[in-house]
Structure formats: C-alpha cells, structure tokens
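Side chains included, hydrogens not; waters and symmetry mates left out as well; all remaining heavy atoms used. Being a predicted model, the structure only gives us computed values, none of them experimental.
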Amino acid sequence: MFNRFQFRVQSSLQMAAYCCLLLLVSLSTVHAQGIPAEQLATLKAATVLVMVDTADEEGSGSGFLIGKDGTYGYIATNEHVISTETRAGRRVQVVFYSGVPDAETVLRADVVAEDDSRDLAILRVRSANLPEPLKLSSPQTARETQQVWVFGFPFGDMLATSKLHPSVTVTTGTITSLRLDDFGKITRVQVDADINEGNSGGPIVDATGGLVGIATEKIEDTKIGLGLPPSELEGMLQGRIKALGLHPVSNKSGEATYRAVAELVDPLRRVRSVSVFLVPQSQVNEVKPNAEGRYEQASPNMQGFSLTFNNNEYSGTVTLKNPKMTDTVYWQQVRLELANGQFRWTQPVPLTVPFSQGNPQLLPNTPGIGANNGDDWLGGTTVPQPGTKIPGNNGLLPVASDRLLLGDPQTEAGATYRVVNIAGKLTSTMLWGSGGKSVYLLEETGVLHKVSVPEFREERVLQMQQKTSYMVMTRPGLLIGLPLLQEVWLLNPDTLQILKRIPVGSMIGLAGSPLLSKAYVSDQEDALSVIDLETGKVTAQLRGSQYHLPEGQPGVRRDGEHPGFHFIGITADGQYLMSGGENINRMRIKGDELIYEEAGPGIGSNQNPQRLEISSDSRYVALPCGGGNGNAPGHPTVGPYVTFVYKITDLKTPVITIASGAYPHALSFDKAAGYIYAQSFGTPLMLFTPAGLKEKTFHFGRGGVQTEQFLPHPQGRKLLLLMGEKLLWVELQPPGQ
C-alpha cells in the first residue's frame, strides 16, 4: 500500500514536471513567434499613418484608433506630429491598412483636441468600415524587463515599396525603466525598442495587446526610447482646463467685474459644467496637493461663478466686491464637473484685484534667500542684481513684424508658464537685449527673431538662409556664427541689419562680451582666431599647445598639458576667456594675447561635457556633463550626476555642488532671485539655493525632455526655458505665495 502510494506520488510529480516542461516549451514557442497572428492583425489595423500638410509644411507620424461612436472614430497621436507653424490651411489625413492592396483607406481627419502640455492630440474620422480600437489598458502591470512591441511608421513614406503608403513597422524590445514623478506616478515608459522619426504617436503594447505606452521620442545616439503612459491619455480624455483668462470689464466703487473665458481640452465632451471659484488668500492658511498630486477645493468659503458653454468655450461674468476699496489677493480655482458626476479642481493660482485704482497692483518681488553680504552670493547669501545694460551701436534685409508669440498661461505649483510660439528649432544661444526689454532667438535654420518682453511681440525677423549655431553680444553689435559659410556676421542689435561679414575658417565655438570689440572663434584643432570687429579682420591665431603652466603650481595641471577650446566663453566684464572640455581653464585677456592663469581638475574627462556656464556677474563658472562631474582631489565625495560650481578666480575648490540627478545638460545663475537653475533628464527645472540645496522642482508636463538652456531675466524670478522643440516663458511666484 505504501509502495503504491509512493509510486503514485512520484508519478504525479513526474507528470507535473512534464506538464511544466510542456508549458515552458509552449511559452518559449509563443515568445519566439511573437504576438499571435489574429491579435497582430487587430493591432496593425488599429495603427494608422498620420499625414499633415500646409501650403509650406508637410510631415507624418503614427497614431492608433482608441474608440468608435457610430461611424465616427477617434485616434490618438502626439501633439507634435500634427503641430504646424500656422493652423490656417492645415490638412490632417490618416491612412488605415497602410500599404495593404485593396484595403488601404485614406480619410480626412478633424483635430478635436490638442494638449501640448501632455504632447497628445485626438483626431476624429468618419467611416462605416472602421476596424476594432486598440485596448487602452492591460491586465498586466507594467514592469521593467517586460517585453513590448512598438507599432508605427518610422521615416514615413521613405519605406514605401509600391504606389501605396508604407506598411506598418513592428519592433520589439523591453521596458528598461518606469520614470516616476514626485507623487509616484509613471510619467514616462522607457524602452530599448527601436523608435525612430515617424514612430511618434504609435502604440507600445504588451503580450496581451494592451496599451502600455505611446511612442514619443528617442534620445539621440542611444537605444533609449520614451513613451507616454496610458494614464496620460486617460487624463486627457477625461477633460481638463487648458487656460483660463479673467479680462477686466469694470472697476469702480469697490466692485470689480471680469469676463472669464475658459479653454478646455475635452475631446469626448466628458465635462458637464465649468465654474470659477475665488477666496481671499487671507482666509486660507495653506494650499497643497493631496498624496496623489491633485488639488481639492482651497476653502469651503469660496465664491463660485458658473460659466456657460457657447461656441466651443465656457465664459461668464465674475464680480468681486470690497467696500473698503483695498487691493486684495485671491486664490482662484476652476471646478470641472465630469459626466460621471465627479468634480475635478485645478491648482489654485493668485489673482490680485486692484480695488483701489482699477489698475493691477504688482505683488512685491521678494528678494531671494539671505541678505546682502557682498559679491559672493553663492554658498549661502544673495544680493539683488540690476539688469545688465548692453550697448548697441548690406545684403539680406530684416523684416518688421508684429506677431504675438505668447501662448495661454498654464500653472504648476509655484509658477505660471506659457509656450513661446517659435516654429523652428532654436539654438541654445538665447540673449537678452538692453535691460531685458527684448530677447534674441536664433533658429538653427538661420532665422533670427527680436522679440519685445514681457508681451513677447515679435519686432523684427532676419532670414539669413544659412545654418546658424552661435550668437553672442559684443560692443559693436550682435555677432552670429555661420559654420557652413565659415563666417561670422555682425548685426545692428536694434534693426538686425547686417553690418559686416567676416571670414573665420572652421568653427565649433564663438565667444564675445558686451564690453569688448574683439571676439574669439574656436575650431576642431584646439585653435582660437581673434577677430577685431571694428576692422572685420582676424588679428591673431592662438593654439592651445602654446600655453603651458609651470610644474608644481598649486591647483594646476602637469607641465606640458594645455587648455582645450571645445567650449569657450568670455566673462561679461571682458576680463577672462574661459574654456572647457576635460576641465575648466581661465585665461586673462590682454589685447590679442591670452595669459594662461589656471586649470581646474579633470571633472569633464569622459563625462560628456555639455555647456560652459558663466554667471552674468562674472563671478562663477560650471561645466555640466551628461555623466556628471567626476570627483577630483580636494572636492566633496558625492554620488553621480553632480555639477561643481567654482569661482572664476579659483578653479581648485568648488563653492557649491549641485546634485540635480541623471544627465545634467544645463545650469544657470539668477543672482537677483537667489537661485541656481538646474535640470535632470526627468525634470526640466529645479531651483537650488545659494547653499546648493534643492528647494523646488517643476515638470511643466514635459518630463523626459532635456532642457538645453536657461535664460534668467535680469529682474529675477522669470526665465526662458528651452527644452527640445519647446520654448517656455516661466514666471516664478514670490516666496510664500
């Protein structure tokens, strides 16, 4: 009896092991074969080629069917896929069954929603023969190492092999990271699948065919692809406020009336009602998001005003009273009522009502951290800094313009931001004009814009019709580098008229100062050309190999090593030329000569240096590197991905260490506000105190996009932020608001 039982147990174990083996073989076979044929056909049918064109532009991307309502179909894609310089004459088409003979169908699409903060758009088509939509969720929980498939149309029609459009491309990979925000929510799905231009907007799915991401971008020269999580799409489909404007109508006898206009992103019309609520800030102690990052009603005592839907917008009248006629700061919120009966509140933002005069009363611009303690404001103290005045003073002619470039305001806790609508890709060389009253923006294609600030009205445009990479301000004028022509052009900063065209040879860097009539051009051979901008001639050519430091000099490199000129910059006071690459070097400017004074340690060696950052007060310098600054003798022992900040006159010991996180690319100094601005791969803007402490982070709905340049305004607490294809104007709220 015992032996028989034992035999049965052994047989059962053997059978179980055999079944497990069969299951493993079966799973490995499925894995090898990929997605089952029937499911694959459904996914391919739901994936569409998106084509966009205007009279002057054309482009393509990918998208996928997310739902049907009768004969109407709704398609998700990236906002940047359908974005064009102007919406006038924009035509959007989608191709179902692309490249399939006797099945390919091209349909005209209407854009029913664009959400640039999420980089998502929803299109609507009409057809009686729409395929089944893609599943917007998965029974599986996304995790690292999970296998995924990316559907889309990389390189658009370039891959077409017949008169039809190209067939859908399916690539496979794994999830390599789930990038989270401060509240633990997934903001980006990182994959190692092959994502290329044209894949944008296509679905990333798992083995069940469920959506795990929306292909959005790829980090250049890497296998790192990024996708938006399905929660971003669901959040867009639920509806949200894109912008709210309160326009003054009247203000007299302690009664101020505004016309409220709300713009929504609501592609499926899930918002049932919209109301504006206000309460004096004096009645509310603190406003914070909940554990999920959402805001609730700031106070039960808020006064509410219902808005009416008409002509695709919600609008209404808001009337506030104060018999004492004293200016009052309110918390302002918008409440959305959704189709399911739930309410969603926007983040509270301040509104100053000038009952006393009928004109806006500016909130006090609270100075930054600490008190006046001399010029050394980093390391714990700060002082206000006035705006820097830049002195100003034929071929292609500039054209006068009067375009308003500023988009609608959006808010994130502690800041208001707007998109500056420049169509082309900007170089990371933005410059302020005199006193910060204007800004110069240079596109890579050679289009230069002079824009007034703060209204951001385009004043003049110069089409140089050549690739441009560099821009600096000098005493004689604005200097532009055109590397393909191997020239620099000197422009009148007021009119943008071309004053001189100066041949300079090959170019990988350009440096100048508002106080100097000389400029410097670096080339691939670690050489510098010195240009006299008054005469328009190269007056000297200097090589790094001619500069040596004496053996044993404190804080310098070994004898025989010389500076490199991969990154160059001149301090605003015109005293020093700083260079960066493997390390930071300081060279005193003396006529056409450079006196090599100091070299810092090798903080950039094999760390992928990005920019040489010099403070506007000529006191501090940093060399952000994609891999972070390497540890060096006499430096703090820190973790990866930090940036050391040095005094210009002491490159041996850092003043502070900025720990911003993975892949530092840019850093800037706002002395007037008492902040250092930094970023990481997942966070476009971080505020650090003069002591090097991280105070606040901002995402602006664009986590995962590298910030390429910060341009702080001379007045402080305002800055331009260039991140990929987007330019943002950011206004930080004063402390305590």
Side-chain angles (χ1 to χ4, degrees), residues 368 374-378 382-393 428-440 442 453 470-481 488 490-491 493 509-522 528 530-531 533 565 567-580 584-591 594-595 597-598 611-624 645-651 655 666-677 690 709-716 718-720:
D375 289 333
D376 294 334
W377 61 281
L378 293 187
T382 183
V383 294
Q385 179 189 14
T388 302
K389 292 187 177 298
I390 301 176
N393 121 301
S428 53
T429 59
M430 301 181 292
L431 292 174
W432 291 119
S434 178
K437 296 178 182 178
S438 60
V439 66
Y440 299 96
L442 179 64
V453 177
Y470 312 102
M471 176 169 62
V472 295
M473 188 64 75
T474 67
R475 177 184 288 174
L478 193 62
L479 195 64
I480 309 293
V488 293
L490 183 66
L491 311 181
L510 177 66
S513 164
L515 301 182
L516 295 180
S517 295
K518 295 183 183 295
Y520 298 80
V521 172
S522 60
L528 282 178
V530 184
I531 311 165
L533 299 176
F565 298 120
F567 299 101
I568 56 174
I570 297 179
T571 55
D573 59 13
Q575 292 191 44
Y576 298 107
L577 183 139
M578 309 297 293
S579 71
I584 303 176
N585 303 277
R586 183 181 74 252
M587 311 183 77
R588 180 178 293 276
I589 297 172
K590 186 178 180 180
L594 295 175
I595 311 301
E597 291 190 345
E598 188 179 16
R611 295 173 59 86
L612 185 69
E613 305 278 11
I614 302 174
S615 64
S616 61
D617 61 357
S618 304
R619 293 196 63 82
Y620 301 101
V621 63
L623 183 68
V645 178
Y646 302 87
K647 282 187 178 181
I648 290 285
T649 54
D650 182 2
L651 304 178
V655 180
L667 180 143
S668 194
F669 305 88
D670 188 345
K671 183 178 179 180
Y675 283 127
I676 299 98
Y677 300 131
Q709 184 189 3
F710 302 107
L711 185 65
H713 193 272
Q715 293 178 358
K718 309 172 189 174
L719 68 151
L720 282 165

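Minimum interatomic distance between Gly512 and Thr474 (heavy atoms only, all atoms of both residues): CA-CG2, 4.3 Å. The two residues Pro714 and Ala672 come nearest to each other via the heavy atoms O-CB, 3.7 Å. Between Leu667 and Phe669, the closest heavy-atom pair is CD2-CZ, 3.6 Å. The two residues Ala572 and Ser513 have their closest heavy-atom pair at O-OG, 3.1 Å. For the residue pair Arg475 and Ser517, the shortest heavy atom distance occurs at CD-OG, 3.6 Å.
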Next item on the list: Just do the side chain to side chain contact (heavy atoms under 4.5 Å, CB included) check on Leu612 and Val621 with the steps written out, would you?
Entry: CA-CA 7 Å; Leu612 185 69; Val621 63; 3.9 Å; yes
Checklist line | Check against side chain to side chain contact (heavy atoms under 4.5 Å, CB included), Thr429 and Leu510 | finding: CA-CA 10 Å; Thr429 59; Leu510 177 66; over 6 Å; no
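Taking the side chain as every heavy atom from C-beta outward, Tyr620 and Ile676 never approach each other to under 4.5 Å. The shortest distance between side-chain heavy atoms of Glu598 and Asp650 falls below 4.5 Å. With a 4.5 Å cut-off on side-chain heavy atoms, Asp670 and Leu719 do not count as touching.
Between Tyr520 atom OH and Met587 atom CE the span is 9.5 Å, to the nearest 0.5 Å. Note that CD of Glu613 and CZ of Phe710 are 8.5 Å apart. Values are rounded to the nearest 0.5 Å. Separation of atoms CG (Leu478) and CG (Leu442) is listed at 8.5 Å; rounding is to 0.5 Å. With rounding to the nearest 0.5 Å, the separation of CG in Leu533 from CG in Leu490 is 5.5 Å. Here CE of Met471 is found 9.0 Å from CE of Met430. Values are rounded to the nearest 0.5 Å. Rounded to the nearest 0.5 angstrom, Ile570 CD1 and Met473 CE are separated by 14.0 Å.
Shown here are the side-chain contact (heavy atoms from CB on, under 4.5 Å) partners of Thr571, two or more places apart in sequence or in another chain: Asp573, Gln575, Tyr576, Met578, Ile614, Ser618, Ile648.
Between His713 and Trp432, the ring planes lie perpendicular to each other; the angle is over 60°, past the 30° to 60° tilted range.
Judged by distance alone, with hydrogens and angles left aside, the side-chain atoms of Tyr470 form no donor-acceptor pair with the main-chain N or O of Val488 at under 3.5 Å.
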